[in-house]
Visitor: 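Mind having a look at this structure? Questions to follow.
Chain naming here is simple, since letters A, B, ... match the order of the sequence lines and numbering starts at 1 in each. Since this is a predicted model, take the numbers as computed values, not measurements.
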Amino acid sequence: MDESFAFFLTIAPTLLAAVPVTLSLTFFSALIGNTLAVPVAVASLSPNPLLRYPSAFYIFVMRGTPLLAQTYLIYYGLGELFPGTWVQQSFLWPYLRDGFWYAIFAFSLNTAGYTGEILRGAIMAVPKGEIEAARAYGFSKGLIFWRVTLPRAIQICLPTMTGETILLLKATSLASLITVWEVMGTARQIQKVTFRVYEPLIAAGILYIIMVFVLTRLMMLVERRINRHRLTPA
Amino acid sequence: MDQASLFSLLSFGPDGWGQRFVEGLVVTVEVSVSAYAVSLLLGLIGASAKLSSSKIARGIADIYTTLVRALPELLLLLLIYFSGADAIKFVLSLISEDFDDFEVDPFAAAVAALGFIGGAYMTEVMRGAILSIPNGQIEAAKACGMSRFLILRRVILPQMLRYALPGMGNLWLSATKDSSLISVLGNTQDLLFMGYRASAVTKHYGFFYSVAAILFLGITVISMIIIRLLEARLNRGYR
Amino acid sequence: MLKSFMKGAVVAASVVIATAAMAKDKIRVGISPEAYPPFTSLNAKNQWEGFEIDLLAALCKQMDADCKIVSIAWDGLIPALNGKKIDMIFNSMSITDERKKVIDFSDKYYNSPAEIIGTKDAANVTVVDNPDGKGGKIANPADLKGKTIGVQTATIHADYAAKYFKDATVKVYDTADNHNADLVAGRIDYALLDSVAADDFVKANAAKGVGAKLIVPADPIFGVGAGAGLRKNDAKLKDKINAAIKAVRASGEYDTIAKKYFSFNIYGD
């Protein structure tokens, strides 16, 4: 046991150094993915079939295939397309060489599909009366969307989004399979080098539990802030 | 390479990967179904524990669901995959030395790991479903003199299924997608692993990963149709 | 519903009642399924092929053993060996001191130098004196400064890159196959790998600009060659496999197999 503990201490710095990678993967993917989710949700509710069907198809594909398959497809599939093209001469190439950005790309697209579907339901759940009231005040269509429908929809689906963000944090562990050495991948690398099976995984597990706990707390604060006007005095 | 020859790589002939992909599809469905069955069992046990009056049972069930929901599936899979085999071997070694050479089938280990993960989510789905059955119905059944087992069989289970089905359907879809994680273990011949093997040998990554993704999509479509039919059937008394 | 519960029970039970023990002369050999030509690869027909597969067949015939190849990911091989899921690793595993702490090795059955390959735009790599002053030579770190170089995790090549290429970005991959894919995609400038696997890859991808850049001089990190990985206390199998290696070397069978794949002396003596 003591020996195991000493081993935990020796691998702790390496694993901790990977925490920022996991967190930035989560942060960027959540930011980009949730932003993309807005047009996806709006398009899926559009009366125009040219918007509605592609959006529904997008949501269906993202939710209907494994994230790992999507990640492989984006990393290796795109890698196959670039050699010998202008892309390799472009200013973007230094980024396109790095698995990190492919991981964010894959996770963002996937998040946009899942959140888009959630947001779609939330937009439909916004009470009609509120929109009618805004219309009565003479709000324009765009203004109604940005000031009434979207904020209310976000408020409605926030608890679900908290769960989705935690799922995203956990899903970033797949980035290790396309050369991004976040916490999970670092743990696997330590496994390979030290030939220890359990300790690296357990140490990584503890880190994930802490990250999930902190993230849950943060999201609760956000929820409380967004709902602050609804708090009833105790 | 032009398209015709790409598709010839997918043929069912001696050098084509078509046959392998069909096998991979079968393995993925087998793993998903088995893991899902394990998770149903664990979910029923977990939900009973969470609703029981025993503090210890509730505590264990809470730890189980909290841990599984906080840990990445990949990490749990590797942990259970390695430890599951060791744990079984340890127990067997206590019984007899003859079991020293026991080998744990990778398929079974993967199923155990995926089932363990799914079971935690199933626990929550089933707990919610049982709680949504109006208490008055159970009291009415009691008043009619039904035994506890009869109440479970005739009142709780049939109605619980109706409430649990949407959640269970989602978990089934997750189970099929999560099963792709076992490709990381390198000794399961599942669908995504076939995609990996075929693209590694032929170097047509985009093509073969797309084939794997489309087949996964096929599983999803068929599953969704079946789930919808089941829902219609279970809700037939509520129109 | 009931049926799926039953199925669940059957599966749960099968987890416990794992597969039964093996007969005496059966050897389970662990090989990772990634394509590593010309040593090992698993083709569309689900058949293993390559130099090591042929050599393994010859050795097993010599030992009069029934060998069964078990496919296990590269990083899972040693845990699987020590966890008794397999009895032997036969997968171009280099004999190193680090690995000897956890497993045992047979005598080497081949030894080939390491090689640096690179993209069309990457310059050739030169050789300089090892800064440790013991008279050895190493690949010139100055040539790789600021470049990205791919290696496979948990290999002698990864160790070498980590030790000498401090000014380069060393990118670690799960499999050699993956860093090769990224070399073609241009995501890395160089890759350091076994020269035989490198030759095969360069030949197949010369049109895409991939080329050999340097045969890396011998170094203690590279060890003495590839051997069969064995459990520490398995002296019986170790003696058997060593005797078999000697026998196929002496009978000329080794050279016959080697000629099928290589135009040079792969044994490295």
Visitor: Among residues 95-104 of chain C, which ones touch chain A with a heavy-atom distance under 4.5 Å?
Guide: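 Result: C:Glu98, C:Arg99, C:Val102.
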Visitor: Quick one: pull up OH in A:Tyr76 and CG in C:Asp182 and give me the separation to the nearest 0.5 Å.
Guide: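 These two atoms lie 6.0 Å from each other.
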Visitor: Counting only heavy atoms closer than 4.5 Å, note whether A:Tyr102 contacts chain C via side chain, backbone, both or neither.
Guide: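 Just its side chain gets close to chain C.
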Visitor: With a sphere of 6.0 Å drawn around CZ of A:Phe7, does it hold more than 12 non-hydrogen atoms of other residues, nucleotides or ligands?
Guide: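 Correct, the count exceeds 12.
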Visitor: Identify the heavy atoms of A:Gly79 and C:Ala185 that sit nearest to each other, and give their distance.
Guide: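 Result for this residue pair: O-CB, 3.2 Å.
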Visitor: Using a strict 4.0 Å threshold on nitrogen-to-oxygen distance, state whether C:Lys171 and A:Asp98 make a salt bridge.
Guide: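 Looking at C:Lys171 and A:Asp98, the cut-off is not met.
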Visitor: Is A:Phe105 atom CZ crowded by more than 12 heavy atoms from other residues, nucleotides or ligands, each under 6.0 Å away?
Guide: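 For A:Phe105, atom CZ is not crowded (no more than 12 foreign heavy atoms under 6.0 Å).
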Visitor: For the candidates C:Gly186, C:Gly209, C:Ala154, which exhibits the highest count of non-hydrogen atom pairs separated by less than 4.5 Å from chain A?
Guide: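 So the answer, after comparing C:Gly186, C:Gly209, C:Ala154, is C:Gly186.
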Visitor: For each of C:Asn82, C:Asn178, C:Thr119, tally heavy-atom pairs with chain A at distances under 4.5 Å, and name the one with the top tally.
Guide: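 Option with the greatest count: C:Asn178.
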Visitor: A side-chain contact here means heavy atoms from C-beta on lying under 4.5 Å apart; do C:Asp174 and A:Arg188 qualify?
Guide: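 In short, these two side chains touch, coming nearer than 4.5 Å.
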Visitor: Is there a side-chain contact between A:Tyr75 and C:Arg187, using heavy atoms and a 4.5 Å cut-off?
Guide: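 Yes, side chains in contact.
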Visitor: Find the one option among C:Ile78, C:Val184, C:Val172 whose heavy-atom pairs under 4.5 Å with chain A are most numerous.
Guide: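 Option with the top pair count is C:Val172.
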Visitor: With rounding to the nearest 0.5 Å, note down the distance linking CD1 in A:Ile178 to OH in C:Tyr173.
Guide: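 Result: 10.0 Å between the selected atoms.
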Visitor: Which answer fits C:Asp189, side chain, backbone, both or neither, if we ask what part of it has an atom under 4.5 Å from a heavy atom of chain A?
Guide: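 Both backbone and side chain.
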Visitor: Within a 6.0 Å radius of atom NZ on C:Lys232, are there more than 12 heavy atoms belonging to other residues, nucleotides or ligands?
Guide: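 Yes, because the 6.0 Å sphere around NZ of C:Lys232 holds more than 12 heavy atoms from other groups.
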Visitor: If I take atom CZ from residue A:Arg97 and atom OG1 from residue C:Thr169, how far apart are they, to the nearest 0.5 angstrom?
Guide: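 So the gap between those two atoms works out to 9.0 Å.
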